[in-house]
Every structure is written in structure tokens, then in C-alpha cells.
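Reviewing the structure listed below.
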Amino acid sequence: MARLTALAGGAALALTLVALPVVAHEHPSGITDLVTPAVVRVEAKARVDITLLDHIGDLVHVERSYDVPIGVGTGTVVSPEGAIVTLTGVVRSERDVAVHAANRIFAEHHDVKIPADFERHSLKDDVLDRHLKQCYPPLSSRATCIIDVTTDITVFPNVSPADPKGLKADLVRAGPRPDSPAVLMTSSRVVGSVGLPTAPLADKVPEAEGAPAGVAGFLGRPGPDVPYTVEIAHLGRGGGSGETGRPFADPEKKVDEPVKLGGLADRGMRGAPVIGDKDGHVVGMLIGGGKDARMIGIREVTGALAKAGIAPRRGAIDAAFEAALTRYHTKYYTEAAPGFQRVLELYPGNVVAAALLKESLAKRGGPADLGARRAVAPAGGSTSLWPFIVAAAVLFVAAALGAFLLWRRGRAAEPEPAAPPPPATQPSPVGVPLDEDAGQTVVVRRSHPFAVIPQQKPAPTAADAAPAAPGAPPVGSVAYCTACGMRLGPAHRFCGYCGHPSET
């Protein structure tokens, strides 16, 4: 058991040290590249078709169509099929666009001064004033205007060359407040055959005050002159959940981050993803504006997706991009370049992948490329992997030597089994003859004489009374061998069985 333990420990240590360079390939922290390919520009406008029924004089139908801006902001793609999260205030206006259209058509047709705004106005002319008020919603039986409002949402992806028309999207679910998450779904065909790149969503908001984060979004329609913008921020005190959100605060107090981020929100980054520094996942969305920018947490985002019946997921583009991105950030540019090329095959126009591919090709084989160092190491040049390899070899040899010594020690402590005794062979005693029928390998020894059984002498007869020959045993007597007990004949001088001389 001790031998097995030593061998297992040595092997584990060796494998651990050899695997250390592989651990260095894990996804690095502090990056926003995982999210920026999935950041999109969102523009929403209301198309108002209005018909003015002018019956002051002759009945006249006046038809107009107006495009009324609702909002602009930033969204994040969360599924390859085109599910996007942004803010409700970006795609739904709190102002009544029907009132705006009524003011415009009435001012144009009747040539009166009415501001083209979203307020209800009055006119000095009682007839025109009555007709204007009957033009405002809601629609009634005496209404002078028939109004139809449709919302037009366009999503501009982060691609190169820029898509001037963008992708049409439908509003799946809106929140109760302008700063509530809204869910969109693209209705037009997306670029490529495997959908859109997506952003990974975090499980929770970092709790530490001052935790660094990145905010990524667009300040205009994507194009050569309008790249995506990434701004560094820090989370302030608070949980980041609920209606109030979580503030931003610079721990060193060098920058007024609420004001800085509020200005970005007003310029088009409302709804921009807030990216955690630890693993590059989305932890929330930018809300507010002016001098008070905040963040709503990721739980509000995932909750809105669940109510809309949409499950966020990653796609084939994301898997290929993340693998290439890992190699890029660990400075294996030779291995990263084919990965970025594969991403561009799956999704042509990926701005982030194209930029990283260009940089990888420029650094491939150079002094900063760890992949090139590993490739030329056998030709005569040490790399950073050698210390790990040498340490692993030393530990492996030490473990093997320790296991061998333990094995020898255990073997010396074990008692050696006694040799079995040789088979007992009983030699034939010298001078003892073999049996007549015995073979060469069978020896019969009779070392103890049989007891002589006394025999009763029969009653003497007349023949017994006759005189016997000289030297012969007496008539009527029976003799036995005193060695083996065999009966002897009258003239036997030796036993016919064992050869023992008779005593007569």
C-alpha cells in the first residue's frame, strides 16, 4: 500500500507541474472583447399616418405621414437568433407622438402658428381651436383627425463595412419605466448563416465597492468614423438591483464618473452593457443621464428576458471567437490567427475579430509570440516552459526513487518462507534380505518377529510311539521360525521365507 501511495503522489505532482503552462491559457480577466462584437446601435422612431378631415368649408381630406424620433441608444445581442436587450426609453417614448402629428398637420394646412412639439395648444379662432382639440387623441365620433402610429426600430450591428440600412427589429416586451429593460427581436435576415455574435451574461453583480467595469456602446451609427466606445468605470456602494440602480464612483476620486457616464448616455450609450472586469461578462446596463448615470443589475435583465420567453445563449461564432481570443490575450499569436480567420468565415465583417486578426498576423513569429518561442525551443533556445519541465522531471525521479526504497524496505521486512523438508526415505538395513516377490524399488522390512502361538499337541498314537530316525525332531512335534513365525518342516534347517536358521 505504501508503494502505491508513493507512486500516486509522485505522478500527481509531476502532472500538476507539467499542466501549469496549460492553465496559463485560461480566459484572462479585465477584457471587454467578449462583449463588443455583440454591441449594437438601436434607433427607434414612430411613423405617424394622419388624415385631417377639414369640413370648415368644403369637406377636404388632408393626408400626411411623419417620422417622429423616439429614442437612440445601445443594445446587446444575447442570442444568435437576434434577441437584443436595451432600455424601454430607447424604443418607447413617454411623449404622445399623435399630438405632435396633429400640431404639424394643423399648422401646415391652416397656416397657423403651432409649435411642432408634443404639447396640446389653443388657438384664438374659436372654430379652428375647436377643430384642433377634436384632432387630438383619443379618437372619438367627432374627431377631425384619424391617426395611425407604428413603431419602427432599426438595429445597426458592429460590422465592417457598415450596414447603412441596419436590421429591422420588433418590440417583444417593454418595461413599465423608461429605465426598465426592453427585449427586441430582429425581423430581417442577419449576416452570415449562424446568426449574430452574442455577449455572455454574468450570474450576479460584483458586491465590492469600487469594483472596476467597462461600459461599451456607440455614440452614433457604426461606421469607419464612428467606432464603438469603451469607457472605464467603477461600481459605487449599493446592490445594483431594483428601480434605483447602482451608482458609479471613482475610488480615487479623480473623475466624477456619474457625470462622465451621464454625458455618454445622453449621446447614445443609454442601455450600454456594463462589463465586469473579472471575466468579461455583462453585469448590468447603463441608465440615467445628465449628471446621474447609474447601472441596473443583471438580474433585472435576465428577469425581463424570462418574461419575454427568451433564453439567452451562446452560438458557434462565440465559441470560435472566445477560443481565439484566449490565445490572443495569452500572447500565442501564431495560434490565434487561424481562430480569428474562422470567426470571419462564420460572420463576415466582425470588426473586433478583424482588428485582432490584423494584430495577430503582425506579431506572429515575433519576439512577443510565445507560440513561436515554443516552436523554436528544440533548435537551441530556452523558453519559459523549461523550469516547469525540469522541476517535473526532478520530482518524478524523486518519487520513483522513494517508491523503490519503500518497496525494498517492505520486501526485507517480510519473513522468507522455510524450505520444505526433503521426502523421508528409509534405507533398507544392511543384512536384511528382500522379499522374493519385491521389485527393485520396493523394500519390505520386518524388524519385529511375530509372536509364536502355542499349539496344543494331539494325543499320542501308536505310530508316535515308534522310534524316530537319529537327528530328526521328535515325531508329532511342530517347529516354527523364531524370526518370522513361519512353520518349518521336519527337515528344514533354514526358514524358507526369511532365511533365518532354525534352532533345531
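Computed from heavy atoms alone, side chains included, the values below leave out hydrogens, waters and symmetry copies. Every value quoted in this text rests on a predicted model; they were computed, and no experiment measured them.
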Q: Determine the minimum heavy-atom distance between Glu81 and Thr186, stating which atoms define it.
A: O-OG1, 3.4 Å

Q) Quick one: are Leu123 and Phe106 in side-chain contact, heavy atoms under 4.5 Å? A) yes

Q: Could you pull out the closest heavy-atom pair between Pro157 and Val40, with the gap in Å?
A: CA-CG1, 3.8 Å

**Q.** Residues forming a side chain to side chain donor-acceptor pair (under 3.5 Å) with Arg173, sequence neighbours excluded
**A.** none

Q. When rounded to the nearest 0.5 angstrom, what distance separates CD in Glu119 from CD1 in Ile114?
A. 13.0 Å

Q | Interatomic distance, Arg177 atom CZ to Arg92 atom CZ [nearest 0.5 angstrom] | A | 13.5 Å

Q. With a 4.5 Å limit on heavy-atom distance, are the side chains of Asp179 and Leu87 in contact?
A. yes

Q | Partners meeting side chain to side chain donor-acceptor pair (under 3.5 Å) with Ser140 (sequence neighbours left out) | A | none

(Q) Whether the side chain of Asp318 engages the backbone of Thr198 through a donor-acceptor N/O pair (distance < 3.5 Å, no angle test) should be reported. (A) yes

Q. What residues form a ring-ring contact (aromatic ring centres under 6.0 Å, His included) with His121, not counting sequence neighbours?
A. none

Q | Ile147 CD1 to Leu139 CG distance, which is reported to the nearest 0.5 Å | A | 8.0 Å

Q. Would you call Asp67-Arg47 a salt bridge at under 4.0 Å N-O?
A. yes

Q.
Do Arg41 and Phe218 form a cation-pi contact, if we require the NZ or CZ to be under 6.0 Å from the six-membered ring centre and within 45 degrees of the ring's axis?
A. no

**Q.** Ser93 side chain vs Arg95 backbone, donor-acceptor pair below 3.5 Å
**A.** yes

Q) Minimum heavy-atom separation for Arg327 to Ala323, with atom names? A) NH1-O, 3.1 Å

Q) Quick one: are His61 and Leu53 in side-chain contact, heavy atoms under 4.5 Å? A) yes

Q) What do the steps show when you test His100 against Asp117 for side chain to side chain donor-acceptor pair (under 3.5 Å), and what is the final call? A) CA-CA 5 Å; His100 175 82; Asp117 55 14; over 6 Å; no

**Q.** Ser180 backbone acceptor or donor facing Thr88 side chain under 3.5 Å
**A.** yes

Q: Please round to the nearest 0.5 Å and tell me the distance separating atom CZ of Arg364 and atom OG1 of Thr334.
A: 6.5 Å

Q: Please check if atom NZ in Lys260 has more than 12 non-hydrogen atoms from other residues, nucleotides or ligands closer than 6.0 Å.
A: yes

Q) Within a strict 4.5 Å, meaning less than it, do heavy atoms of the Tyr66 and Arg64 side chains meet? A) yes

(Q) side chain to side chain contact (heavy atoms under 4.5 Å, CB included), that's the test. Do Thr86 and Val183 meet it? Break it down for me. (A) CA-CA 7 Å; Thr86 185; Val183 181; over 6 Å; no

Q | Check ion pair Arg294-Asp292 (N to O, under 4.0 angstrom) | A | yes

**Q.** By ring-ring contact (aromatic ring centres under 6.0 Å, His included) - contacts of Phe340 (at least two apart)
**A.** none

Q) Are any of the side-chain heavy atoms of Val68 and Phe118 separated by less than 4.5 Å? A) yes

Q: Find the distance between CD (Glu300) and CD1 (Ile287) and round it off to the nearest 0.5 Å.
A: 9.0 Å

Q.
Among Val91, Leu167, Val172, exactly one meets side-chain contact (heavy atoms from CB on, under 4.5 Å) together with Leu184. Which residue is that?
A. Val91

Q.
Within this structure, what is the CG-OG distance for the pair Leu132 and Ser122, rounded to the nearest 0.5 Å?
A. 7.5 Å

Q | Step-by-step side chain to side chain donor-acceptor pair (under 3.5 Å) determination, His131 to Asp54 | A | CA-CA 8 Å; His131 279 242; Asp54 181 12; 5.2 Å; no

**Q.** 4.5 Å side-chain heavy-atom contact, Pro247 and Arg237
**A.** no

Q) Do Ile153 and Glu43 come within less than 4.5 Å of each other through their side chains, counting heavy atoms only? A) no

Q. Run the side chain to side chain contact (heavy atoms under 4.5 Å, CB included) check on Tyr228 and Val39 step by step: do they pass?
A. CA-CA 8 Å; Tyr228 61 90; Val39 176; 5.5 Å; no

Q: With side chain to side chain contact (heavy atoms under 4.5 Å, CB included) as the test, would you mind laying out the steps for Val155 and Ile84 before giving the verdict?
A: CA-CA 9 Å; Val155 175; Ile84 300 170; 3.7 Å; yes

Q: For Tyr136 and Asp96, test the side chains for any donor-to-acceptor distance below 3.5 angstrom and give the result as yes or no.
A: no

Q.
Walk me through whether Lys168 and Thr154 qualify under side chain to side chain donor-acceptor pair (under 3.5 Å).
A. CA-CA 5 Å; Lys168 297 300 179 181; Thr154 308; 3.2 Å; yes

Q) What pair of heavy atoms forms the shortest contact from Lys45 to Ile70, and how long is it? A) C-CD1, 3.7 Å

Q. Partners of Tyr328 by ring-ring contact (aromatic ring centres under 6.0 Å, His included), sequence neighbours excluded?
A. Tyr333

Q. Heavy atoms, side chains only, cut-off 4.5 Å: are Leu201 and His281 in contact?
A. no

Q. Is a donor on one side and an acceptor on the other found under 3.5 Å between the side chain of Glu257 and the backbone of His234?
A. yes

Q) CD of Glu94: more than 12 outside heavy atoms within 6.0 angstrom? A) no

Q: Run the numbers on Leu286 and Leu261 for side chain to side chain contact (heavy atoms under 4.5 Å, CB included), then give the verdict.
A: CA-CA 8 Å; Leu286 180 66; Leu261 296 175; 4.3 Å; yes

Q) Around atom NZ of Lys204, are there more than 12 heavy atoms of other residues, nucleotides or ligands at under 6.0 Å? A) no

Q) Of all residues at least two apart in sequence or in a different chain, which pass the side chain to side chain donor-acceptor pair (under 3.5 Å) check with Asp256? A) none

Q: Please determine which of Val351, Leu196, Val77, Asn350 meets the side-chain contact (heavy atoms from CB on, under 4.5 Å) test together with Asn158.
A: Val351

**Q.** Positive for side-chain contact (heavy atoms from CB on, under 4.5 Å) with Thr32, one of Ile232, Val352, Asp277, Ile275
**A.** Ile275

Q | side chain to side chain donor-acceptor pair (under 3.5 Å) assessment of Lys133 paired with Thr144 | A | CA-CA 9 Å; Lys133 288 180 171 54; Thr144 58; over 6 Å; no

Q: Grab the two heavy atoms, one from Ala199 and one from Val282, that are nearest each other, plus how far apart they are.
A: CB-CG2, 4.1 Å

(Q) For Leu52 versus His110, what's the shortest heavy-atom pair and its separation? (A) CD2-NE2, 4.1 Å

